[in-house]
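Labels below follow one simple rule: chain letters A, B, ... track the order of the sequence lines, proteins then strands, and each chain is numbered from 1. The shown structure was predicted, so the numbers you read here are calculated from the model rather than taken from an experiment.
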Amino acid sequence: MNQMINNKNYSFRRQLMIFLIAAIALLSLVSSTVSSWIALHQSGQVLEKNALQIADHFSKQSVLALLTRSEDNAESALSQVMGFADVTGGAIFADTQQALFVKGEIQPDQAKLADWLSSPKPIIAVDARDYWIITSPVILEDDRETFTEFALSQTHTQQLLGFVMIQVSKSSIVQLTQQLFSYTIGIGIVFALLCLWLLNIGLRRIIDPIRALSATMKAAQDSGAHTYAEISGPQEVHSIAQSYNAMMAALEAQEKRLKELNTSLESEVEIRTKELTHARDTALVAVRTQSEFLANISHELRTPLQAVMGYIDLVVEELNEQGMYDQVSDLEASLSAANRLLTLINSILDLAKCEAGKTELVLTETPLKRLIKETEAIIRPLAVRNSNTLTIHLPDSDSILLIDKEKTQQILLNLLSNACKFTKAGTVELHIDLQDETVKFAVSDTGVGIAADKLESIFDKFSQGDGSVKRRYGGTGLGLAISKHFAEMMNGSIHVSSAQEQGSLFTLTLPKQVTFKNSLTMGSSEDQKG
Amino acid sequence: MLNWKSPKEQCRYWIASTLLWVVAFSASTATASVLGVLYPDAPPPYRQVFSQLIDGIRDQYLGMVKLYPLDTSTDSTTLQAQLRNDGVDAIITLGRSGYTQAEQLTSERPLVSGALPLIPGQGTGVSLIPDPEELFVQLKRLSPNIQQVHTILSEQSRWLEPIAQAAATRQRIKLTIYYASDIASTLALYKRLLTHADRLRDALWLPPDRQATNESVILPILLQEAWEKRLIIFASKPSFVRRGALFSLFPDNERTGRRLAELVGSLQQEEENLGIEFSKSDKLVINQRTAAHLGIKLTPAQLRSVYRTYPQP
């Protein structure tokens, strides 16, 4: 039943009808059974009472028959008692329990007769399935005054004359019960059919608007259009239809607004995209132009500067030969300044190349120890200048790296020179750690360190902590930017960790075997040597 | 002012006056006694019977009459003390309660009973049983052609035979009495009697005998068969008229009350051989339907004298 009701294949109307049929059928069955049982019980009690009264009446009617022992009198009494519908037999017994007159269908059990006839009042001697046997004593009583004050004595004599017995059929009760059951069931069925008919009509009136609403909703679902429902039916369906229409109206309005927004957004995106593309192109052109400009400028500056430096060098040599040492000193200062300027120009040139995408990797097989040794030779004088202790920790075994040696060395020189520059009478250490696929160079110092808020921008161009650093320690502020560029070109990375007045730690990680990102030049160690 | 004619006349006057005063005084002393009436505190409509009896007593008795209503809580000792305190020196009992209480009293007061079906030998009083002679008188008035009356008695009613025979003789009626030992034989006797009775000359008397007039067995058969044979049945018991007997006599309670008071007076005068008397009454109770069936037409004078008729409208 529950499954049936939960079955989605059945409509609401059908489920309700099935439920109602089941309920009415159950009700009819239960009411029929209960009413039949009650009728049987109550009819039984009534019939039983009537039967006892009939027996009592029969006993009174039998007094004459027992007094006279007249068959006619007995026949009269028996005929009267047999006149009752349910009485099927009767018998009159003498006080000696001898059957005197018997009529109809009655078969007294002689063995139990003594027990049956022992009661001083009418009793049901046998309560069989189909009948009762009722016995009653026949007593002759003397007359009594209705008002005892007019009688001399209160004594009342009774004389037992005999007994009577009747057999009462229960068929009328059974028939009544069966009829009642049939009628109740019949009425129940008729009532159920009537209810179904009325319910069918009523449900149609209720469900048809729901169906129409459902069809409207499905049509809206299938077509995507904003279909409105017809408002009809019961109050609840009316409300649902109104809510649905309101929802449709809201959806329609929202969709319209969405479309408008979408249209305006698309236009805006298009405009923005165009603007961004233009800006990007402009920026790219600007960067390229800038880089090209810088490269050209640097080249144009470097050439005369190198010429100046060459002539200064020649002049210095001539002055040394002539013993004009004071002038030599001045010229050497000029040469030094020229060198710094050259370095700056070179750096700018390198960075410009990088940003212009003109720097190329030249990968060569480079022995690690050799690289470090060459680097140490360059950097140690710088360490000594600031009274720093330079310590290099090399792995026990050497390794051949496929890297751009020049760029790697430039990175290391940048990092080590910075360490030496910003450390006074401290320690500068280089740790090299060979791993499976990578090689890690860790440059640490005990110098001034970098403020935490500057760490993020330390690899930006012209970034040197703050202005005071530049003034105090000099430099271009391009070294770390170039180093980061070179490291990334080789698929590596540079990281820094530092705390102010606590020193710094720069870690360069490079693949042991650098591969090309683009089509870059592949050199050899021999070339480098040459 | 009296005008005396002579000293002789004057003397006669004084002698007569003196004698009258003596007689009046003696009478007043004789009736100054207190009569106690013991009667049941009965509910209506029976209370009326006792009221009428008491009215009759009061009407007749010259002394003081004190009433003692009895109920189930009445104690004989208390009653006796009360009677003594009240100075009661004669008692009339009405109904069974009074009769029973009086039997327990130990005093030697004159005692008369009434409102009971008393039979001879049960003291002094007036029985509820109507006088057979009055029944015969009424029978003769209603059906003058009746010459013979049949009745059946049990042994318990044998005392009635001489009284009834004497009364019948006085009324020039032949009374034939049969005796039956039980109801079955009573029934058989009635059957035989009805078979042989002559409806023009014979009548059947239902005497004050419970066996002979058993109401549940005999009376219905008897009345039915008598109806069929158109035989006159009259009864000592008025209630039988309602069931189909032709007539009976209803007790005249006030008259009975007066007679009870007379009997008490007689006992106080130490008269003897008073015994039980039948109820004297001329209150005829008649079943008009039976009378019509039997062809008895009542004259207007007879109808006026009828106390009650059945069936009642």
Side-chain angles (χ1 to χ4, degrees), chain A residues 53-81 83 92-96 98 100-101 120-122 136-164, chain B residues 39-47 49-50 70-72 93-100 103 113-119 122-123 125 127-129 154 156 182-188 190-191 206 208-222 224 237-240 251 276:
Chain A
Q53 284 180 345
I54 290 167
D56 189 41
H57 177 73
F58 181 38
S59 72
K60 287 181 171 61
Q61 295 297 314
S62 303
V63 169
L64 192 61
L66 283 166
L67 282 172
T68 59
R69 298 293 166 102
S70 158
E71 201 168 328
D72 291 342
N73 291 335
E75 176 60 29
S76 170
L78 283 165
S79 298
Q80 282 189 36
V81 80
I92 301 172
F93 294 81
D95 56 348
T96 56
Q98 179 195 355
L100 298 177
F101 311 103
K121 60 179 184 179
S136 176
V138 181
I139 294 168
L140 178 66
E141 301 180 50
D142 62 349
D143 299 334
R144 293 188 205 189
E145 287 291 342
T146 50
F147 184 54
T148 55
E149 282 293 335
F150 296 147
L152 264 172
S153 71
Q154 279 185 304
T155 53
H156 179 61
T157 56
Q158 291 185 329
Q159 182 188 351
L160 180 67
L161 297 178
F163 305 92
V164 291
Chain B
Y39 69 102
D41 188 14
Y46 305 106
R47 181 174 290 172
V49 173
F50 297 103
L70 307 174
D71 56 28
T72 50
T93 69
L94 301 177
R96 190 169 53 82
S97 298
Y99 188 78
T100 311
E103 280 181 332
S113 301
L116 278 173
L118 297 164
I119 59 173
Q122 290 179 321
S127 175
L128 271 178
I129 300 166
S154 65
Q156 286 76 24
D182 54 20
I183 289 180
S185 57
T186 307
L187 202 59
Y190 273 127
K191 288 264 184 188
L206 300 181
D209 186 304
R210 282 188 179 184
Q211 180 186 283
T213 58
N214 184 282
E215 291 186 44
S216 57
V217 181
I218 291 174
L219 194 64
I221 298 166
L222 193 59
Q224 186 181 342
K237 200 170 180 180
S239 61
F240 290 178
I276 298 296

For [X], is it the side chain, the backbone, both or neither that has a heavy atom under 4.5 Å from a heavy atom of chain A?
{"X": "B:K237", "value": "side chain"}
{"X": "B:Q211", "value": "neither"}
{"X": "B:Y39", "value": "neither"}
{"X": "B:L219", "value": "neither"}

- Item | Residue of the set B:D182, B:V217, B:N214, B:T186 for which side-chain contact (heavy atoms from CB on, under 4.5 Å) holds with A:L67 | B:V217
To the closest 0.5 Å, what do you measure between [atom1] ([X]) and [atom2] ([Y])?
{"X": "B:S216", "Y": "A:K60", "atom1": "OG", "atom2": "NZ", "value": "9.0 Å"}
{"X": "A:E149", "Y": "B:T100", "atom1": "CD", "atom2": "OG1", "value": "7.5 Å"}
{"X": "A:N73", "Y": "B:L187", "atom1": "CG", "atom2": "CG", "value": "8.0 Å"}
{"X": "B:I183", "Y": "A:L64", "atom1": "CD1", "atom2": "CG", "value": "10.5 Å"}

- A:L140, part contacting chain B, at a heavy-atom distance under 4.5 Å: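 For A:L140, the contact with chain B is made by the side chain alone.
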- Between A:Q159 and chain B, which part of the residue has a heavy atom less than 4.5 Å away: side chain, backbone, both or neither? neither
- Determine the minimum heavy-atom distance between A:A151 and B:R96, stating which atoms define it.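 Minimum heavy-atom contact is O-CD, 2.8 Å.
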- What's the shortest heavy-atom distance between B:L116 and A:F150, and which atoms?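 Heavy-atom minimum between the residues: CD2-C, 3.9 Å.
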- Which of B:A184, B:S97, B:A115 touches chain A most, by non-hydrogen pairs under 4.5 Å: B:S97
- Message: Other residues, nucleotides and ligands only: do more than 12 of their heavy atoms fall within 6.0 Å of CD on A:E71?
- Response: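 Count not over threshold, so no.
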